[in-house]
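Inspection log for the structure reproduced underneath, given as structure tokens.
Any value given below was found using the heavy atoms of this structure, including those in side chains, with hydrogens, waters and symmetry copies removed. By convention here, the first residue in the shown sequence is residue 1. What you see is a predicted model, and the numbers here were worked out from it, not measured in a lab.
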Amino acid sequence: MRAALRLFLFRLAASLALVAMAGPGWAAPHLIIVNSSSDGAYGEASAALRSQLQRTMPWVEIEEQGWEEMAAQRLEGSRMIVTIGTQAARVVAGLSPRQPVLHTLLPSSAYSRLPNMPKSGATVSAILLDQPAERQIALIRLALPDWKRIALLTGSDSEALNLRLGELARERQLEVREANVNTDRDLYPALQRVLAEPAVLIASPDAQVFNSFTVQNVLLTAYRHRSPVVGFSSAYVRAGALLGLYSTPEQIGQQAAETVQKVLSGEALPPPRPPRQFEVAVNANVARSLGIQLDSAERLGNELARREGRP
């Protein structure tokens, strides 16, 4: 009880000291969060963002709005804007705000198509959902060192990512099998081509190719071809992917809070970047069925983080 009281008094004193130093013209930094939804992953990211800011910058005034109620005048007076999810990002980008804007919880393909993107300056940035290609290839080489072939299915939203995956895989002496998926009817023939010989199929966050309607077809076809799948969510692993590489909404929310803290302290927005923190998931049943021996998810994740220079 005494410790909690001391912490409260410390934060109060820090806030009052800042007001005193800033002078009578000072106004509290004001952050507006524009959310695509208050439920699920969006709500988790928002809660993590708020929680960390309340610990590190308790004097910051935070206001949260749904994308449906957003209008240009609602953004006036704020120091910074954070959007959560693609729908919120589109609405805010359409309003062309002057404040720094950080978009979160959206894939790079959605970010690249936002309207009114500035041609210069660092007024808009993002923490993207996509895992970097370097991290994905590193996981495959770490978890499946005996596999020398990867398979890629490319739709309109995964061209850039798959191009980079292919380049990195070839640099590491991996064979790359690729096919384009332009319509739903292309999916099964494309799977048959890229998995004609067993390969590690990398699923990308491209809704045209990998979505709730195609997941069973993809996983069953890969299993019949004795080919492991690397998914981009824990749900994919539960459904039957061998491995998953993803960042949680909480991790992205925490990274967003760190960026907000720096911007409100006077630093410029960093360039768009992938999530810094991530999780690895393993489906032990699929591994046994395919005769693959894997390290634990914890060991794989810790080793990937160590190789990226993180404790």
Side-chain angles (χ1 to χ4, degrees), residues 129-155 158 161-162 164-166 168-170 172-179 181 187-188 190-207 209-248 251 274-275 277-308:
L129 272 175
D130 314 47
Q131 296 297 316
E134 292 82 357
R135 187 178 290 161
Q136 295 189 60
I137 296 299
L139 174 62
I140 292 171
R141 299 300 293 134
L142 177 64
L144 303 167
D146 296 331
W147 287 74
K148 306 302 182 184
R149 186 181 299 112
I150 69 167
L152 302 173
L153 296 179
T154 302
S158 51
L161 175 60
N162 282 0
R164 182 62 178 152
L165 283 167
L168 288 170
R170 293 182 182 96
R172 288 156 178 75
Q173 311 305 313
L174 296 174
E175 180 186 346
V176 181
R177 305 293 297 271
E178 302 174 81
V181 177
L187 178 59
Y188 186 70
L191 280 168
Q192 295 290 93
R193 289 197 301 275
V194 299
L195 300 180
E197 298 175 271
V200 181
L201 176 63
I202 303 178
S204 61
D206 184 335
V209 183
F210 300 100
N211 55 60
S212 58
F213 299 104
T214 63
V215 58
Q216 289 303 322
N217 187 4
V218 168
L219 293 171
L220 285 173
T221 303
Y223 184 79
R224 288 171 185 148
H225 286 267
R226 311 298 291 171
S227 295
V229 176
V230 178
F232 52 86
S233 69
S234 58
Y236 237 90
V237 177
R238 290 194 298 271
L242 176 70
L243 291 165
L245 180 62
Y246 58 93
S247 297
T248 67
Q251 289 170 335
Q277 294 180 292
F278 58 87
E279 301 289 335
V280 172
V282 167
N283 190 318
N285 292 329
V286 172
R288 281 193 294 271
S289 297
L290 294 176
I292 296 174
Q293 290 195 350
L294 285 176
D295 278 339
S296 68
E298 182 179 9
R299 286 184 179 179
L300 292 171
N302 289 341
E303 178 60 18
L304 272 184
R306 188 193 67 79
R307 293 185 182 187
E308 292 185 5

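- Taking the side-chain hydrogen bond (donor to acceptor under 3.5 Å, both in side chains) definition, one finds that S204 meets it with nothing, sequence neighbours left out.
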List the steps, then state whether side chain to side chain contact (heavy atoms under 4.5 Å, CB included) holds for R172 with I140. CA-CA 11 Å; R172 288 156 178 75; I140 292 171; over 6 Å; no
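- Among residues two or more places apart in sequence or in another chain, the salt bridge (charged side-chain N to carboxylate O under 4.0 Å, His left out) test is passed with R149 by E175, E197.
- The shortest distance between side-chain heavy atoms of R141 and L174 falls below 4.5 Å.
- Interatomic distance, I202 CD1 to I137 CD1, rounded to the nearest 0.5 Å: 4.5 Å.
- Here the shortest heavy-atom pairing between P205 and F232 reads N-CD2, 3.8 Å.
- Rounding to the nearest 0.5 Å places CG of L304 at 11.0 Å from CD of Q136.
- Under 4.0 Å is where a charged nitrogen must lie from a carboxylate oxygen, and between R307 and E303 at least one such pair does.
- In R170, the CZ atom is crowded: over 12 heavy atoms of neighbouring residues, nucleotides or ligands sit closer than 6.0 Å.
- Counting heavy atoms from C-beta on, the side chains of N302 and E298 come closer than 4.5 Å.
- A heavy-atom distance below 4.5 Å is found between the side chains of L191 and L201.
- Using a distance-only test at 3.5 Å, with no hydrogens or angles considered, a donor-acceptor pair links the side chain of R177 to the main chain of R193.
- By the 4.5 Å heavy-atom criterion applied to side chains, F210 and S158 are not counted as neighbours.
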Working for side chain to side chain contact (heavy atoms under 4.5 Å, CB included), residues Y223 and V229: CA-CA 9 Å; Y223 184 79; V229 176; over 6 Å; no
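- Looking at every heavy atom in both residues, Q251 comes nearest to Y246 through OE1-O, 4.4 Å.
- With sequence neighbours left out, the side-chain hydrogen bond (donor to acceptor under 3.5 Å, both in side chains) criterion links D130 to S108.
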Using atom types as modelled, flag every donor-acceptor pair under 3.5 Å from a side chain in residues 235-244 to any protein atom, sequence neighbours excluded.
from	atom 1	to	atom 2	distance (Å)
R238	NH1	S234	OG	3.3

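- Residues satisfying the salt bridge (charged side-chain N to carboxylate O under 4.0 Å, His left out) test with R164, not counting sequence neighbours, are E134, E167.
- Within the 4.5 Å cutoff, the side chain of L187 has no heavy atoms near those of the T221 side chain.
- Here the shortest heavy-atom pairing between G166 and V176 reads O-CG2, 3.9 Å.
- Residues E279 and T248 approach most closely at CG-CG2, 3.8 Å, considering heavy atoms.
- Partners of S227 under the side-chain hydrogen bond (donor to acceptor under 3.5 Å, both in side chains) rule, at least two apart in sequence or in another chain, do not exist in this structure.
- No donor-acceptor pair closer than 3.5 Å links the side chain of N162 to the backbone N or O of L152.
- When every heavy atom of D295 is checked against every heavy atom of V282, the shortest pair comes out as O-CG2, 4.1 Å.
- Here the closest non-hydrogen pair linking A190 and A179 is CB-CB, 3.8 Å.
- Between the side chains of S247 and Q131, a donor-acceptor pair is found at a separation under 3.5 Å.
- In summary, the side chains of R288 and N285 do present a donor paired with an acceptor at a separation below 3.5 Å, with no hydrogens or angles considered.
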Hey, mind stepping through T154 and V209 against side chain to side chain contact (heavy atoms under 4.5 Å, CB included) and telling me if it holds? CA-CA 7 Å; T154 302; V209 183; over 6 Å; no
